[in-house]
Each structure stands twice: as structure tokens, then as C-alpha cells.
Trainee: 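After the C-alpha cells below, expect a handful of questions from me.
Atom set for the values below is all heavy atoms of this structure, side chains included, hydrogens, waters and symmetry mates excluded.
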Amino acid sequence: MLRIMVLINIITALCCVALTLLVLYFVISFIIKNRADKIAFIRSFKKGKCVAIFLIAIPLIFLGYLYGGMGVINSLLTAISHVIGLVVLKYDVDKIALLMNANLFYKITTYYCCVLVTVNAVLFAFSLTSQKIWQIHQAFKAKNNNKDAVYIFGYNQDSLMIYQSDNTKAKFIVDYISDKDCAELYVKKISFLNNNLYESVISQIFKLILKNNCKYTVVINTKSDETNIKICRLFADKIEVADEREKRKFFNQLAVYAFGNPKYESIYNDLVKASFGCVHYKNKYQMIAMDFIKNHPFTEFMTNEHIDYDTSFIKNGVDINVCMIGFGKTNQQIFMTSVANNQFLTASPQGVELKKVNYHLFDKNYAENNKNLNHSYYRYKNECANVNKLEYLPLPELPAEEAYYHLDINDPVFYNRIYDIIKKNPKDVNIIIVAFNSDLENIDLAQKLIEKCREWEIDNLKIFVKVRMPKRGLDLFKEKNVILIGNEKEVVFNLDAITNDSISRMAQMRNEIYDLEYKITTDKNFVLDEKAIIDNRNSANRNWFIYRSQLERESSLYGCLSLRLKFNLLGIDYCKKEDNDLPALTEQEYLDCYGVGDMPDTSYCGLNIKGKKVVKYDLNFPDSKRKNLAVLEHYRWNSFMISKGIIPASKLQIMTEAVEKNGKKKFTNGKNYGLRRHGNLTTFDGLIEFRKMVAERDGCQEVDCDVIKYDYQLLDDAYWLLTNNGYKIVKRDTQ
């Protein structure tokens with residue numbers, strides 16, 4: 001009997017040690033893991049890794065049955081059956097009570113095993129119930145939130161990127177989410193409201209706005225335009241039925257950003273108008289294009305070999321060639337945005353003329369047969385080609401040269417056509433933009449183009465490659481002439497990029513000044529004082545979203561977007577204040593570079609707007625570098641308007657068209673955004689004729705009708721705009 005007890009103690013001790021080692025393994029493994037791995041570890045332990053506990057329990061239970069008088073085989077089979085019962089927490093220790101009463105060590109070890117089985121089950125249950133508790137807590141938190149919050153409607157990878165791009169606000173993803181995805185979001189600690197009844201969440205947001213003074217940002221990105229539009233309509237309906245006090249509160253505290261397909265842009269813009277300025281339309285292709293133009297104006301690749309810095313003209317004999325490989329949504333938007341910004345002047349025997357960029361558009365389809373282009377960019381070309389020019393102010397030139405190539409990249413002559421374009425002149429500026437298919441296909445073609453350039457011995461070429469989700473370690477981007485564009489994680493699905501765009505801020509600041517200086521010019525009874533400045537600021541901010549059309553807002557945006565190009569033509573640049581070690585230019589150093597001896601009088605009054613002196617422009621616009629850049633700005637504006645499908649108004653429309661406003665007749669001067677025409681779509685000299693016509697019609701002085709001053713304002717105010725938005729102006733290497 002003594003020998004049997006010794007054997008029992010040895011086996012029991014081995015089981016106890018094994019259980020203890022298992023506990024230590026679990027504890028150490030749990031401690032060193034992150035949150036996601038901890039949850040997965042607990043659940044996997046129940047699903048399979050915990051089998052070690054039950055395997056260790058078999059010899060323990062076997063000893064109990066064997067000691068009770070059962071045969072070896074029956075004891076083993078019964079022990080296995082007993083352990084299977086442990087899985088569902090059926091302990092049945094009374095069946096092995098004889099040995100437990102006879103051996104205290106065995107009894108303790110058996111209870112130790114049972115406790116571990118219980119703990120394992122409890123931890124697994126807690127890992128599941130804690131997810132439900134956490135979801136209930138998130139719903140409570142959303143309902144009673146008292147801090148700035150972000151609601152992202154739509155559960156997808158893009159929404160997750162938006163969610164993870166900010167760490168400062170309370171955030172919630174709103175959508176119907178499957179149980180599997182709920183578990184994944186819980187593991188990643190991503191707050192969500194599992195609710196496809198969007199009305200209840202939207203009502204909750206409006207209640208919170210009326211309850212407190214927090215800011216609420218909503219991003220709508222469900223991947224379905226029908227659903228996006230439905231959600232926007234729910235927001236707009238809530239705002240439309242609110243009283244004026246509530247509308248002002250909504251305007252100050254709510255910003256809704258809706259992503260949508262460009263072909264439904266007009267529907268989204270109608271919702272923008274109906275929402276009291278709270279809803280904003282986001283076109284991801286336009287965001288990519290604007291980021292591209294902002295960071296890479298074509299002047300980035302020009303030096304004194306290409307630019308005459310005394311005049312800001314492109315030198316004679318220099319061409320700018322852009323090859324776009326693929327003409328889908330991305331390259332179409334880049335083309336339109338580039339045409340509206342990358343405009344240049346050059347000297348000619350006749351004076352100043354437009355230096356057009358040559359766009360070579362490669363696509364296997366007939367890309368010029370495009371309803372969006374026909375509706376917008378080609379409208380001017382198609383409708384104004386055969387008009388009676390005597391009925392119009394001087395018509396502007398077409399803003400660019402385009403050539404279409406119906407070629408697949410696998411076509412044998414594809415590289416021959418590229419070679420013909422970029423090999424013409426070593427002084428030319430050559431750019432290739434690859435955006436025709438998936439990331440890998442774009443990268444593959446870019447690599448082949450690099451090899452071809454080495455074969456051709458061409459080094460005056462920059463290759464831009466659209467890569468939506470860049471991966472580390474790509475040798476392609478170590479090439480000095482290859483630049484990545486279209487990183488959606490940084491440029492599109494990033495909360496800061498969506499809500500805090502510096503170009504938009506500058507455009508709104510310009511809008512405030514535009515409104516004020518317009519009042520100074522047109523209202524004889526206007527008194528400029530501090531109260532007038534504050535009132536103008538409030539009205540300009542509201543009018544920007546409520547009364548300004550999408551086209552007008554984009555016009556201001558694109559003007560600010562063109563700043564880097566114009567700066568480069570001056571031999572300067574701008575960057576974030578902390579971006580490099582170059583010393584910032586003072587305001588006087590900037591003005592000496594831009595318009596020395598040719599700046600407007602700023603002594604109109606002693607007041608300023610956020611540091612900007614108020615200017616009352618006259619008609620003194622002498623020939624100078626500053627004037628050249630004003631001419632360039634007007635031609636850039638022409639190009640923007642043409643890219644949006646605007647056509648010129650006739651002289652008759654300028655002189656006679658009027659609308660009733662507050663019971664008074666007000667001439668439109670040919671401007672009608674509903675019919676997409678404008679009276680100022682003319683040459684720079686045409687603007688002089690325009691003001692003479694309007695002054696004669698209204699019986700006033702020409703200075704009261706002048707619009708040329710608006711082409712000067714952007715660069716006149718550039719130092720103020722940039723320094724108030726975290727930028728500095730620096731000298732540029734022009735060699």
C-alpha cells in the first residue's frame with residue numbers, strides 16, 4: 001500500500017508541476033502581448049490551446065478511479081469520459097472521493113485542476129461578454145459625449161484609415177456591422193455604433209449640438225452614392241426645419257463631409273446649398289489632383305535655363321510636355337486641375353502671349369469621347385469656335401494643347417511615341433504621369449520607362465506614379481526622377497486632409513478681404529471701422545458656404561493653389577515654417593522681389609484685418625513684373641473657368657442683363673453661374689474694355705467698375721496669407 005501511495009504522489013506531483021508550468025506560460029504570454037493579441041490568446045486558449053489542462057487531468061482522474069477498485073482499462077476509459085465532462089464544467093469529484101479522502105496532496109491537486117478549468121471558462125466568457133459590454137458603453141458614450149467628436153458613416157478600409165488618422169477626438173464608425181467585424185473592431189479598440197438606422201444617430205448628433213458647444217465632424221463614405229446622398233439629405237432636412245438660432249449653432253458646430261463620385265457632383269452640390277453650409281462635398285480625385293498641383297507645380301523642375309526671373313516669363317525655345325498614361329478618373333482630374341493652374345506667359349514680337357502646356361494623353365480607349373469633358377472643358381472650344389467675335393469682348397485663347405493617342409501600353413509603337421515627345425529638345429520640361437491601373441501595374445510601367453530613359457540617354461524627365469497604398473522598400477522611389485502621388489492614406493482618407501486644408505483656409509481668408517474691398521469700392525455710404533470689419537468677417541464666413549456656389553469657392557481655392565507656381569517664377573518658394581533650415585524672407589524682402597516700386601497705397605486707413613492693411617486700388621497698373629503676374633493670374637482664372645465649362649457673355653448680355661434684388665434692378669455684367677457664363681472671360685485688354693462699357697452704362701467712374709485689381713490681390717496679399725497659415729517664404733535655388 002505504501003508503494004502505491006508513493007507512486008500516486010509522484011504522478012500527482014508531475015501533474016501539479018505541469019499545471020503550474022501551464023499557468024506560468026499563460027500569464028507570461030498574456031502580459032507580453034498587446035490588446036489585440038491578448039484577446040485572441042484568451043479565445044484561442046479555449047478553442048484549443050487549453051487542451052493541455054484536460055490532458056493533464058486524465059492521469060489525475062485515472063488514479064482516482066484506479067484507487068477506487070476499477071480495472072486499469074476501465075479506469076482509463078472512465079477517466080477520459082470524466083475529463084470530457086470537465087469541458088462543460090461537470091466536475092463529478094465525488095466519483096474519485098475515495099482517493100481524495102485518503103491523500104490530501106492528490107485532493108489539492110485535483111481541486112487545483114478544477115479551478116484552472118473554471119478560470120479558463122470564465123476568461124473565455126468574459127472575453128465575449130466584455131465585447132457586448134464595451135459596445136453598450138460606446139453607445140452610451142456617443143449619446144452623452146461632451147467633447148469634440150467625429151462620426152464616420154460607413155464601415156470599410158477607407159473609413160478605418162480616417163478613424164486611425166486622428167488621436168485627439170472621440171470617434172465612432174456608424175454602420176451595420178457583422179458579428180465577425182464587430183469582434184475585430186473590439187479587438188482593435190475601434191469605437192463603433194452598430195446601427196444602419198442612420199436617422200437615430202443623426203438625431204442624436206443634433207441633440208448633442210443643441211446641448212453643448214462641442215464641434216462635431218461627420219464623414220460620409222459608405223461606398224454607395226445612393227446611401228451617401230440619403231444620409232446627406234437626412235442632415236439637410238434637419239437643418240432646413242430648424243429656426244435661425246439653431247441654424248447658426250449648427251453652422252458653427254457641425255461639418256459634414258460627403259465623399260461622392262464626380263458624376264453625381266451636381267446632386268451633392270444641391271445638398272450643400274440646402275444644408276446652410278454644413279455639408280461639404282469631397283471628390284477624392286480632386287483631392288489627389290490638388291495635392292499633386294500644390295506639391296509639384298511644373299515650375300518645380302525649372303531653373304534659369306527655363307525662366308526669365310526678371311519678367312517671370314518662360315524663355316523662348318522652351319516647351320512643357322506632359323504625357324499622361326491612362327486617362328481615367330485620376331488623370332482626368334489631374335489634367336483639369338493642371339490646366340486650371342499650370343499657366344505660363346512668354347514674350348513675343350506682339351507683346352505677351354500664353355505659353356501653352358502640351359498634354360499628350362495616352363489611353364487604349366477614345367478618351368476624348370467623354371461626357372464630363374464635353375460638358376466642361378470642351379464646351380468653350382465647341383460653342384465659341386464659330387461665334388461672331390464682334391459681339392464679344394476679345395476671346396481668350398484655348399488654355400492648352402492636347403493630343404490623344406489611342407494606344408495600349410503593350411502596343412509596339414507606344415515607346416516610340418513617348419520618345420518622339422520627350423527627345424525633341426534638351427531644354428524642354430518633360431513630365432510623365434502614370435495612372436492607368438493598379439498600383440503594381442503603374443509601378444511596373446514606371447520601372448520600364450526608367451529603363452527606356454537610360455537607353456535613350458534622357459535626363460530632363462520627371463515620372464509621377466500613382467500608388468494608392470505605397471509599400472516600404474520599393475526601389476522605384478529611390479530614383480531621383482520618380483515621384484509618388486495619390487497616397488490615399490495621407491492625401492484622401494486622412495481627417496486632417498479632409499477638414500483642415502490650408503489652401504481652403506487661405507481661400508476663405510481671401511474671400512473675406514474680397515468682400516470687404518468690394519464694399520469699399522461699390523458702396524459710397526460704406527464706413528470702414530472695426531465694427532464693419534467684424535460684421536464683414538461673420539457674413540463672409542457664412543456666405544462662403546451658403547451663398548457662394550461650388551464654382552466660386554473652387555475659383556478661390558485654385559487661385560491660392562497657384563501660389564507656388566507664381567513664387568517659383570519669382571525665384572522663391574514657400575514651405576512650412578519648420579520644414580527646412582532656409583531663412584524666411586521678411587515682408588519687405590518679398591515685396592522687393594515681387595513688386596519693388598509698384599505696390600499699391602496702403603495708407604487708405606489705419607485699420608487692418610488680421611494684420612493685413614486695407615487697400616483701395618486705383619487704375620495705376622504700370623508695366624512691371626508685378627503686372628506680368630497679374631496678367632498670368634487672369635489667364636489662369638480664364639483657364640479655370642474654361643475647365644469648368646464657363647463661356648463668355650456677349651457684350652449685349654454684359655450691358656443689359658439684370659436681376660431684381662431687394663426690389664432694385666441689379667446688372668449681372670453677364671455673370672450667370674446657373675447658365676455657366678461670365679462677362680470677364682476675356683483677355684487682359686478685354687478687361688479694360690469691360691470696365692469702360694460698364695462705367696458708361698452706369699454713369700460712374702471706371703475705377704468703380706474695375707476688376708483688374710482682383711488679379712493683383714492674390715500676390716499682393718501672399719505674405720499675409722502664408723505667414724498666417726504656418727508657412728514661410730524662402731529663396732529658391734534657380735540654377
Trainee: Run the salt-bridge test on Lys315 and Asp308 with the 4.0 Å N-O cut-off and return the result as yes or no.
Mentor: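 Result for this pair is no, no salt bridge flagged.
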Trainee: So, are Arg548 and Asp515 salt-bridged, with charged N and O less than 4.0 Å apart?
Mentor: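 Counted as a salt bridge, because a side-chain N and a carboxylate O are separated by less than 4.0 Å.
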Trainee: For Lys356 and Glu397: C-alpha separation, side-chain torsions, deciding distance, then whether salt bridge (Lys or Arg N to Asp or Glu O under 4.0 Å) applies.
Mentor: CA-CA 10 Å; Lys356 298 182 185 180; Glu397 291 186 69; 3.7 Å; yes
Trainee: Measure from the side-chain N and O atoms of Glu552 to the backbone N and O of Ser549, and report whether any donor-acceptor pair falls under 3.5 Å.
Mentor: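 It does hold such a pair.
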Trainee: For a salt bridge (Lys or Arg N to Asp or Glu O under 4.0 Å) check, start with the C-alpha distance between Arg417 and Asp420, then their side-chain angles and the critical distance, and finish with the verdict.
Mentor: CA-CA 5 Å; Arg417 296 294 170 267; Asp420 292 341; 3.7 Å; yes
Trainee: For Thr682 and Asn638, work out which heavy atoms get closest and say how close.
Mentor: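 Looks like O-ND2, 2.8 Å.
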Trainee: Check the angle between the aromatic planes of Phe621 and Tyr712 and answer parallel, tilted or perpendicular using the 30° and 60° thresholds.
Mentor: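 Parallel: the ring planes of Phe621 and Tyr712 meet at under 30°.
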Trainee: Would you call the rings of Tyr727 and Tyr574 parallel, tilted or perpendicular if under 30° counts as parallel and over 60° as perpendicular?
Mentor: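 Perpendicular.
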Trainee: Between Arg564 and Asp573, does any NZ, NE, NH1 or NH2 come within less than 4.0 Å of an OD or OE carboxylate oxygen?
Mentor: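 Salt bridge: yes.
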Trainee: So, Gln332 versus Asn370: side-chain donor-acceptor pair below 3.5 Å or not?
Mentor: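 Result is yes, a qualifying pair exists.
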Trainee: Indicate whether the side chain of Glu633 and that of Gln713 have a donor and an acceptor atom separated by less than 3.5 Å.
Mentor: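 Gln713 and Glu633 do not have a side-chain donor-acceptor pair below 3.5 Å.
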Trainee: Should the pair Arg454-Glu451 be classified as a salt bridge under the 4.0 Å nitrogen-to-oxygen rule?
Mentor: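 Salt bridge flag = no for Glu451 with Arg454.
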Trainee: Show me the donor-acceptor pairs within less than 3.5 Å that the side chains of residues 343-352 make with the rest of the protein, sequence neighbours left out.
Mentor:
{"unit_1": "Gln343", "atom_1": "OE1", "unit_2": "Ser639", "atom_2": "OG", "d": "3.3"}
{"unit_1": "Gln343", "atom_1": "NE2", "unit_2": "Val339", "atom_2": "O", "d": "2.8"}
{"unit_1": "Gln343", "atom_1": "NE2", "unit_2": "Pro399", "atom_2": "O", "d": "3.2"}
{"unit_1": "Gln343", "atom_1": "NE2", "unit_2": "Ser639", "atom_2": "OG", "d": "3.3"}
{"unit_1": "Thr346", "atom_1": "OG1", "unit_2": "Ile314", "atom_2": "O", "d": "2.8"}
{"unit_1": "Thr346", "atom_1": "OG1", "unit_2": "Asn316", "atom_2": "OD1", "d": "3.2"}
{"unit_1": "Ser348", "atom_1": "OG", "unit_2": "Gln350", "atom_2": "N", "d": "3.3"}
{"unit_1": "Ser348", "atom_1": "OG", "unit_2": "Gly351", "atom_2": "N", "d": "3.4"}
{"unit_1": "Ser348", "atom_1": "OG", "unit_2": "Gly351", "atom_2": "O", "d": "3.3"}
{"unit_1": "Ser348", "atom_1": "OG", "unit_2": "Glu353", "atom_2": "OE1", "d": "3.4"}

Trainee: Do Asn442 and Phe436 have side chains that approach each other closer than 4.5 Å (heavy atoms only, starting at C-beta)?
Mentor: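 Yes; the side chains approach each other to less than 4.5 Å.
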Trainee: Whether the side chain of Asn725 engages the backbone of Arg505 through a donor-acceptor N/O pair (distance < 3.5 Å, no angle test) should be reported.
Mentor: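 Not a single qualifying donor-acceptor pair exists.
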Trainee: Using the ring of each side chain (for Trp, its six-membered ring), is His360 parallel, tilted or perpendicular to Tyr405, with breaks at 30° and 60°?
Mentor: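 Aromatic pair His360/Tyr405 classed tilted.
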Trainee: Hey, can you tell me if Tyr590 and Tyr594 have their rings parallel, tilted or perpendicular (30° and 60° cut-offs)?
Mentor: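 Correct class here is parallel.
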Trainee: One thing to verify: whether Arg510 and Asp717 come together as a salt bridge, which I'm taking to mean a side-chain N less than 4.0 angstrom from a carboxylate O.
Mentor: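 Answer for the salt bridge query: yes.
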Trainee: Regarding Asp618 and Lys709, does a basic nitrogen lie under 4.0 Å from an acidic carboxylate oxygen?
Mentor: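 No salt bridge links Asp618 with Lys709.
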Trainee: Fit a plane to each ring of Phe335 and Tyr377, take the angle between them on a 0 to 90° scale, and name the class: parallel (under 30°), tilted (30 to 60°) or perpendicular (over 60°).
Mentor: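 It falls in the perpendicular class, over 60°.
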Trainee: Salt bridge or not between Glu554 and Lys644? Use side-chain N to carboxylate O under 4.0 Å.
Mentor: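 Salt bridge: yes.
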Trainee: Hey, are Asp716 and Tyr617 close enough side-chain-wise for a donor-acceptor pair under 3.5 Å?
Mentor: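 Tyr617 vs Asp716: donor-acceptor pair found between side chains.
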